[in-house]
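See structure below.
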Amino acid sequence: MPLALVTGGAVRVGAAITRALAAAGFDVVVHARRSLSQADALVQELRDAGRRAWVAPADFATPHGPLELAEQVRRRHPSLDLLVNNAASYEHLAFEAITRERLESMLAVNLHAPFLLTQALLPSLRAADAACVVNITDMAVTRPYTATHAFSHYLAGKAALEQLTRAWALELGPAIRVNAVAPGPVAIADETTDEQRQDILRRTPLRREGSPEDVARAVVFLATAPYVSGQTLRVDGGLSIA
Ligand SMILES: NC(=O)c1ccc[n+]([C@@H]2O[C@H](COP(=O)([O-])OP(=O)(O)OC[C@H]3O[C@@H](n4cnc5c(N)ncnc54)[C@H](OP(=O)(O)O)[C@@H]3O)[C@@H](O)[C@H]2O)c1
C-alpha cells in the first residue's frame, strides 16, 4: 500500500483528507499537535477499515518540531509516497497589531514547518516510486475575499507556500510531483458573522461554502494525477473568479 503523511490530519479539513486518502488506498500517518485523542480515534477507525495507520505528534511552533516528525516517519518507513502539508495556524489580527513575535510564530507553523519537513523527508519521498507533495494554501492568496478579514501575516506564509509549490515542482521533478490545493471558505461559521458569511455566499458562483470533503477530493485527485505538477487547484466554489 502507498503511504501518506497528513500534517494536522486529525481534525476538520485534515481529518477529511486522511479519510479520503485511506478510502483511496493509502496507509496514513496522522500528525497531530493538540488533537491527540481525535487522532487516536481516527487511526482506530482506519485500522478497523483495514488500513495501516498511526499517530505522530509534533508541535511546529517549536524549532525542532518538523524535524522530530520527519524522524518519527523515517524510523518506521523506508519510503513515503505522499506528504500533505495541511497543518496551519490562523488568526485575525490588524496589520498594525502584528508584532514581530506574532509574525514569527505564524511563519514558523505555516511556512518554516512545511519547508523543513519536506526537506527532511526528501530521502523518503525519493525512495518511493512516484512521490507527491500537496501543500494546502488558501484561495485568498490570489484574491482576498473580505475586507473585514485582517490576517496579512497568515497570507504572507500561504503565498510563500504557493510559490514554494512551483519552485519545488521545478527542482524536485521528475521523481517528485508538487502541487497545491487552495481552499476558499470552508466551515467558516466560527470565524465570520452571519452578515459576512451571507456576503461571501452571495458572491460565490456555487452559493455555498466548501466542505472539508470538497478539499479532500482535490487532494486525492492531485495525489493520483501522474502528469500534473506545479499547479494550484482552487477549491472555492468559483469565488476567485467572481
Ligand atoms: N477552513 C477554511 O476556510 C480554510 C480556507 C483556506 C485555507 N484553509 C487551509 O486549510 C488547512 C486546514 O484548514 P482547517 O480549517 O481544517 O484548519 P484548523 O481547523 O485551524 O486546523 C489546523 C490544523 O493545524 C494543526 N496545527 C495548528 N498549529 C499547529 C502547530 N503549532 N503545530 C502542529 N500542528 C498545528 C492543528 O493540529 P492540532 O489540532 O492537533 O493542534 C490542526 O490539525 C489549513 O492549511 C488552512 O490554512 C482553510
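The structure displayed is predicted, hence computed values, not measured ones. These numbers come from the heavy atoms of this one structure, side chains and all, not from hydrogens, waters or symmetry mates.
For residues 52-63, the side-chain hydrogen bond (donor to acceptor under 3.5 Å, both in side chains) pairs, not counting sequence neighbours, are Asp27-Arg52, Trp54-His77. Sorted by first and then second residue, the pairs that involve residues 11-38 and meet ring pair (Phe, Tyr, Trp, His ring centres under 6.0 Å), not counting sequence neighbours, are His31-Phe60. Among pairs with a residue in residues 152-203, those fulfilling ring pair (Phe, Tyr, Trp, His ring centres under 6.0 Å) read Tyr90-Tyr154, Phe151-Tyr154, at least two apart in sequence or across chains. Sorted by first then second residue, the ring pair (Phe, Tyr, Trp, His ring centres under 6.0 Å) pairs that include residues 206-242, not counting sequence neighbours, number zero.
Between the side chain of Gln196 and the main chain of Thr193, a donor-acceptor pair closer than 3.5 Å is present. When atom types are taken as modelled, the side chain of Arg177 and the backbone of Ala225 share a donor-acceptor pair closer than 3.5 angstrom. Panel note: side chain Thr204, backbone Arg207; no donor-acceptor pair is recorded below 3.5 Å.
For the pair Arg100 and Glu104, the salt-bridge criterion is met [side-chain N within less than 4.0 Å of a carboxylate O].
Ala108 is linked by a side-chain contact (heavy atoms from CB on, under 4.5 Å) to nothing, counting only residues two or more places apart in sequence or in another chain. Looking at residues two or more places apart in sequence or on another chain, you find no salt bridge (charged side-chain N to carboxylate O under 4.0 Å, His left out) involving Arg33. The side-chain contact (heavy atoms from CB on, under 4.5 Å) check on Leu206 picks up nothing, with sequence neighbours excluded. Taking the salt bridge (charged side-chain N to carboxylate O under 4.0 Å, His left out) definition, one finds that Arg19 meets it with Glu45, sequence neighbours left out. For Ser240, the side-chain contact (heavy atoms from CB on, under 4.5 Å) partners are Met139, Arg234, Asp236, not counting sequence neighbours. His112 meets the ring pair (Phe, Tyr, Trp, His ring centres under 6.0 Å) test with no other residue; sequence neighbours excluded. The side chain to side chain donor-acceptor pair (under 3.5 Å) check on Glu162 picks up Thr137, with sequence neighbours excluded. Judged as a side-chain contact (heavy atoms from CB on, under 4.5 Å), and not counting sequence neighbours, the contacts of Glu209 are Ala187, Ile188, Arg197, Leu201.
With values rounded to the nearest 0.5 angstrom, Met106 atom CE is found 9.5 Å from Leu155 atom CG.
Taking the side chain as every heavy atom from C-beta outward, Leu125 and Val133 approach each other to under 4.5 Å. Using a 4.5 Å cut-off on side-chain heavy atoms (C-beta onward), Thr7 and Val84 make no contact. Looking at heavy atoms from C-beta onward, Cys132 lies out of side-chain contact with Ile176 at the 4.5 angstrom threshold. Between Leu116 and Gln119, the closest side-chain pair of non-hydrogen atoms falls below 4.5 Å.
A donor and an acceptor atom, one from each side chain of Gln44 and Asp40, are nowhere located under 3.5 Å apart. With no hydrogens or angles considered, a side-chain donor-acceptor pair links Asn85 and Thr118 at under 3.5 Å.
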